[in-house]
Amino acid sequence: MPSIIDETVFGEPSRRLAVVYLCGALLLAGQQGYYIIVEGSTPFYAGLLLSAGMGLSGIAESLPKPRRRAAGVLRLTALVVLVSLLVILFVTPDLLIN
C-alpha cells in the first residue's frame with residue numbers, strides 16, 4: 001500500500017498548478033526587478049526566496065507524467081527552500097527584512 005507522502009510528492013503533475021505557480025513566481029520576480037531598477041531600493045530577500053520556491057514548484061508541475069521522480073525531487077527542493085525561508089524569518093529576521 002503506497003503512503004500518502006509517496007502519492008503526494010511523486011504523484012502526477014498538475015498543469016493548472018504549474019500555470020499558477022509559474023505566473024506567481026514571474027509576478028514576484030517582476031515586482032522585485034521593478035523595485036530594484038526603477039525605485040533604486042535594495043532587494044527584499046524573502047520575496048526572492050518565495051519566487052524561487054514557487055518557480056521550482058511550477059517547473060515540477062509542468063513536467064510530463066513519466067517524469068514523476070524528477071517532479072518529486074523538484075517539489076522537495078521547493079519545500080526545502082520555503083521551509084528555510086520560514087526558519088530564517090524566525091531565527092534572524094534581519095537577514096530578510098531590511
Side-chain angles (χ1 to χ4, degrees):
M1 183 166 110
S3 69
I4 295 173
I5 295 174
D6 188 39
E7 290 177 6
T8 303
V9 173
F10 297 107
E12 290 185 10
S14 170
R15 299 290 179 191
R16 290 182 183 170
L17 282 177
V19 171
V20 171
Y21 286 141
L22 289 173
C23 287
L26 186 63
L27 285 173
L28 285 171
Q31 178 188 17
Q32 291 297 314
Y34 172 79
Y35 284 125
I36 292 170
I37 293 171
V38 175
E39 299 292 328
S41 64
T42 59
F44 183 56
Y45 295 111
L48 293 176
L49 283 173
L50 187 61
S51 74
M54 289 181 71
L56 286 170
S57 295
I59 292 170
E61 296 298 327
S62 66
L63 290 176
K65 290 181 183 178
R67 306 287 299 230
R68 288 183 183 182
R69 188 172 304 253
V73 170
L74 284 171
R75 287 179 188 134
L76 287 175
T77 305
L79 186 65
V80 167
V81 168
L82 295 174
V83 168
S84 68
L85 171 69
L86 287 176
V87 169
I88 292 171
L89 189 64
F90 284 119
V91 174
T92 55
D94 295 338
L95 290 176
L96 297 177
I97 301 171
N98 297 356

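Of all the heavy atoms in Gly55 and Leu22, the pair that sits closest is O-CD2, 4.0 Å. The minimum heavy-atom distance between Phe44 and Gln32, with the atom names listed, is N-OE1, 3.0 Å. When all heavy atoms of Ala18 and Gly58 are compared, the closest pair comes out as CB-O, 3.7 Å. Considering every non-hydrogen atom in both Leu63 and Ala71, the closest pair reads CD1-N, 3.7 Å. Residue Ala29 comes nearest to Ser51 through the heavy atom pair N-CB, 4.3 Å, listed as atom of the first residue, atom of the second, then distance. Closest heavy-atom contact between Ala60 and Leu74: CB-CB, 3.5 Å.
Placement of Tyr45 and Val81 within a single hydrophobic cluster is found when ILVMFWY residues are connected by side-chain heavy-atom separations under 4.5 Å, directly or transitively. If you chain together hydrophobic residues whose side chains sit under 4.5 Å apart, Leu82 and Leu28 fall into the same group. Hydrophobic clustering (side-chain heavy atoms under 4.5 Å, transitive across Ile, Leu, Val, Met, Phe, Trp, Tyr) keeps Val91 apart from Leu49. Hydrophobic clustering (side-chain heavy atoms under 4.5 Å, transitive across Ile, Leu, Val, Met, Phe, Trp, Tyr) keeps Tyr35 apart from Leu50.
Atom CG in Leu85 sits 10.5 Å away from atom CG in Leu48 (nearest 0.5 Å). For the atom pair CD1 (Ile59) and CE (Met54), the distance works out to 12.5 Å, reported to the nearest 0.5 Å.
Paired with Thr92 under the rule side-chain contact (heavy atoms from CB on, under 4.5 Å), one option of Ile88, Asp94, Leu89 passes, and it is Ile88.
Listed by first then second residue, pairs satisfying side chain to side chain donor-acceptor pair (under 3.5 Å) with a partner in residues 57-66 read Glu61-Arg75, not counting sequence neighbours.
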